[in-house]
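Numbers restart at 1 for each chain; the letters A, B, ... are given by sequence-line order, proteins then strands. Values in this document were obtained by computation on a predicted structure and should not be read as measured data.
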Amino acid sequence: MTEIIRGASRDKVSNSHTPDDIHDRLDELWERYLGLLDRYRVTQEEVARCFSSGFMSLAQANFNSPNRMRYGQDYYDERMQAIRTLSFPPSEGKAPLMKIASTQSRGSSATQRTSAEVEDDSTTSTGHRKSRENNLRPLQGQIGTDSLPRSESTRDPLKWFGILVPPALRAAQQSFETAVEGPLVKLAAVKSEISETEAEIRRTRKVMKARKS
Amino acid sequence: MAAPASEYKDRQFLAVIGDEDSVTGLLLAGVGHVTEPPDSQKNFLVVDGKTENSTIEAAFDNFTQNRKDIAILLINQHIAERIRYRVDAYSAAFPSLLEIPSKDHPYDPEKDSVLKRVRRLFGE
């Protein structure tokens with residue numbers, strides 16, 4: 001499946017091709033397209049699983065919170081800075097390769113994951129946490145928390161809600177982190193491939209029609 | 001045609017339009033960002049029952065047209081339904097628009113704009 005997404009041939013069909021070539025090309029595009037749609041569906045299910053687990057933990061944290069405190073927008077830090085951002089390393093394919101980079105203040109390392117790495121993961125048979133542990137790959141030069149500027153070490157969003165937060169809130173954070181680092185980036189990459197393939201199918205159909213008329 | 005690199009190289013943030021729990025969860029994951037003052041622009045919008053559709057549309061326009069630092073826009077599917085005509089008409093590669101489930105509204109493929117486009121392509 002990964003090969004369908006990343007390595008599909010990208011020769012443009014032109015009027016110089018024979019009708020058989022164009023038909024073959026169109027068949028190949030449809031095959032790739034159907035593969036991508038399946039990938040999109042499966043990835044949406046992964047997102048739903050991560051979110052469902054996150055919502056459950058968040059509800060649990062809210063239910064058990066002292067003083068009926070609700071973990072929500074009243075506690076957001078108005079000066080928040082993103083600790084998970086996207087970047088686009090050079091890629092060979094047409095669709096840009098997306099990479100999620102995180103500056104984790106709680107852990108001892110900064111991590112980066114690319115959409116290609118995410119695609120290679122098997123997430124169907126294992127739980128979120130196990131999959132996440134397997135997936136995280138530390139950078140070659142690890143950044144220790146001590147070496148981080150002070151502002152870095154206080155950027156953990158959990159701290160908005162106090163120093164001693166309930167385990168359920170931590171669990172919610174982990175579920176959403178898993179979603180952001182894994183299936184959401186993968187979903188964006190697959191969607192981009194779907195759009196590319198759609199455009200190519202339309203182009204190929206046009207060439208086919210032009211040759212018929 | 002693939003999007004030129006200049007169109008996305010400076011895009012680094014995920015933006016969210018969602019209900020309070022969805023936004024809280026995603027901000028806990030560390031995607032929240034507020035730009036430097038005096039602009040202090042947020043990359044999220046919390047939508048509740050009182051939020052007007054015009055506010056959602058304005059945020060959608062801001063994230064998709066004005067902001068050049070957003071790479072992915074996440075929107076709860078039930079909120080996307082409220083501005084469906086805008087979501088379905090959106091076809092730009094960047095920011096990538098993704099419909100996500102919320103606590104009370106599970107993801108429904110029938111409503112997803114991506115899969116609606118698929119039906120159109122098959123019907124052509």
Side-chain angles (χ1 to χ4, degrees), chain A residues 33 37 40-41 44-45 47-48 51-52 54-55 58-59 70-73 76-88 90 93-96 98 101-104 155-158 160 169 172-173 175-181 184-185 187-188 191-192 194-196 198-199 201-202 205, chain B residues 1-5 7-14 19-37 40 42-44 46 48 69-74 91-104 106-107 109 112 114-115 117-118 120-122 124:
Chain A
Y33 191 64
L37 290 180
Y40 186 83
R41 183 188 58 79
Q44 274 287 7
E45 284 173 6
V47 171
F51 271 54
S52 169
F55 289 137
L58 195 55
R70 181 177 165 78
Y71 297 101
Q73 58 182 327
Y76 295 169
D77 181 354
E78 295 295 317
R79 299 160 301 165
M80 66 179 82
Q81 297 289 295
I83 57 173
R84 277 191 173 70
T85 53
L86 278 163
S87 60
F88 299 89
K94 274 184 181 178
M98 291 185 207
S102 84
T103 315
Q104 277 282 23
R155 278 165 65 176
D156 183 0
L158 265 184
W160 305 341
L169 197 63
Q173 184 184 39
S175 297
F176 283 103
E177 280 174 356
T178 306
V180 169
E181 287 179 350
L184 281 176
V185 179
L187 199 63
K191 193 191 165 195
S192 168
I194 287 176
S195 302
E196 290 291 332
E198 273 174 6
I201 286 174
R202 288 204 167 91
R205 276 174 164 178
Chain B
M1 203 62 186
E7 196 182 313
Y8 56 78
K9 69 180 173 56
D10 294 328
R11 297 182 180 272
Q12 54 173 326
F13 298 120
L14 286 92
D19 61 18
E20 189 172 15
D21 280 355
S22 303
V23 174
T24 301
L26 287 161
L27 295 193
L28 275 173
V31 306
H33 191 87
V34 179
T35 59
E36 294 294 321
S40 297
K42 297 171 183 171
N43 65 341
F44 58 90
V46 177
D48 58 24
D69 54 355
I70 306 291
I72 298 177
L73 171 58
L74 304 169
S91 60
F94 286 96
S96 181
L97 178 64
L98 300 177
E99 294 180 31
I100 55 170
S102 64
K103 190 169 74 174
D104 301 321
Y107 169 75
D112 194 322
V114 172
L115 299 180
R117 278 213 319 267
V118 172
R120 277 204 296 274
L121 188 69
F122 276 101
E124 275 175 9

Quiz item: Does NZ belonging to A:Lys191 count more than 12 external heavy atoms closer than 6.0 Å?
Solution: yes
Exercise. Over 60° means perpendicular and under 30° means parallel, so classify the ring planes of A:Tyr33 and B:Phe122, tilted if in between.
Key: tilted
Self-check item: Side chain / backbone / both / neither for A:Leu37 at chain B, heavy atoms under 4.5 Å
Solution: side chain
Quiz prompt | Proximal component of B:Val46, with respect to chain A [non-hydrogen, under 4.5 Å] | solution = side chain
Self-check item: Under 4.5 Å from any heavy atom of chain B - which part of A:Leu58
Solution: side chain
Self-check item: Leading residue by heavy atom contact count with chain A [cutoff under 4.5 Å; candidates B:Ala71, B:Gly32, B:Ser91, B:Ser96]
Solution: B:Gly32
Quiz item: Are any non-hydrogen side-chain atoms of A:Leu187 and B:Ile72 less than 4.5 angstrom apart?
Solution: no
Quiz item: Considering only heavy atoms, which portion of B:Ser22 lies under 4.5 Å from any heavy atom of chain A: side chain, backbone, both, or neither?
Solution: both
Quiz item: So which part of B:Leu115 gets closer than 4.5 Å to some heavy atom of chain A, the side chain, the backbone, both or neither?
Solution: side chain
Exercise. Against chain A, label B:Leu26 side chain, backbone, both or neither, depending on which of its atoms sit under 4.5 Å from a heavy atom there.
Key: both
Quiz item: More than 12 non-hydrogen atoms from neighbouring residues, nucleotides or ligands closer than 6.0 Å to CZ on A:Arg70, yes or no?
Solution: yes
Quiz item: Do A:Phe51 and B:Tyr107 have ring centres separated by under 6.0 Å?
Solution: no
Exercise. Please state whether the side chain, the backbone, both or neither of A:Glu78 comes within less than 4.5 Å of a heavy atom of chain B.
Key: both
Quiz prompt | Test item: A:Gln44 side-chain N/O and B:Glu99 main-chain N/O as donor-acceptor pair under 3.5 Å | solution = yes
Quiz item: Within a strict 4.5 Å, meaning less than it, do heavy atoms of the A:Leu86 and B:Phe13 side chains meet?
Solution: no
Quiz item: Does B:Glu20 use its side chain to pair, donor to acceptor, with the backbone of A:Gln73 at less than 3.5 Å?
Solution: yes
Self-check item: Heavy-atom pair count under 4.5 Å with chain A, highest-scoring of B:Leu98, B:Leu97, B:Ile100, B:Asp112
Solution: B:Leu98
Quiz prompt | Proximity breakdown for B:Pro101 and chain A, heavy-atom pairs closer than 4.5 Å | solution = both
Practice problem: Can you tell which part of A:Arg41 gets under 4.5 Å to a heavy atom of chain B, answering side chain, backbone, both or neither? | Solution: neither
Self-check item: Check: A:Gln81 side chain, B:Val34 main-chain N or O, donor-acceptor pair, under 3.5 Å
Solution: yes
Practice problem: Please examine the side chains of B:Leu74 and A:Leu184, heavy atoms only from C-beta on, and report whether any two atoms are closer than 4.5 Å. | Solution: yes
Quiz item: B:Lys103 and A:Phe55: which non-hydrogen atoms are nearest, and at how many Å?
Solution: N-CE1, 3.4 Å
Exercise. Decide yes or no on side chain to side chain contact (heavy atoms under 4.5 Å, CB included) for A:Tyr71 and B:Asp21, but give the supporting numbers first.
Key: CA-CA 9 Å; A:Tyr71 297 101; B:Asp21 280 355; over 6 Å; no
Quiz item: At a heavy-atom separation under 4.5 Å, does B:Asn43 approach chain A through its side chain, its backbone, both, or neither?
Solution: neither
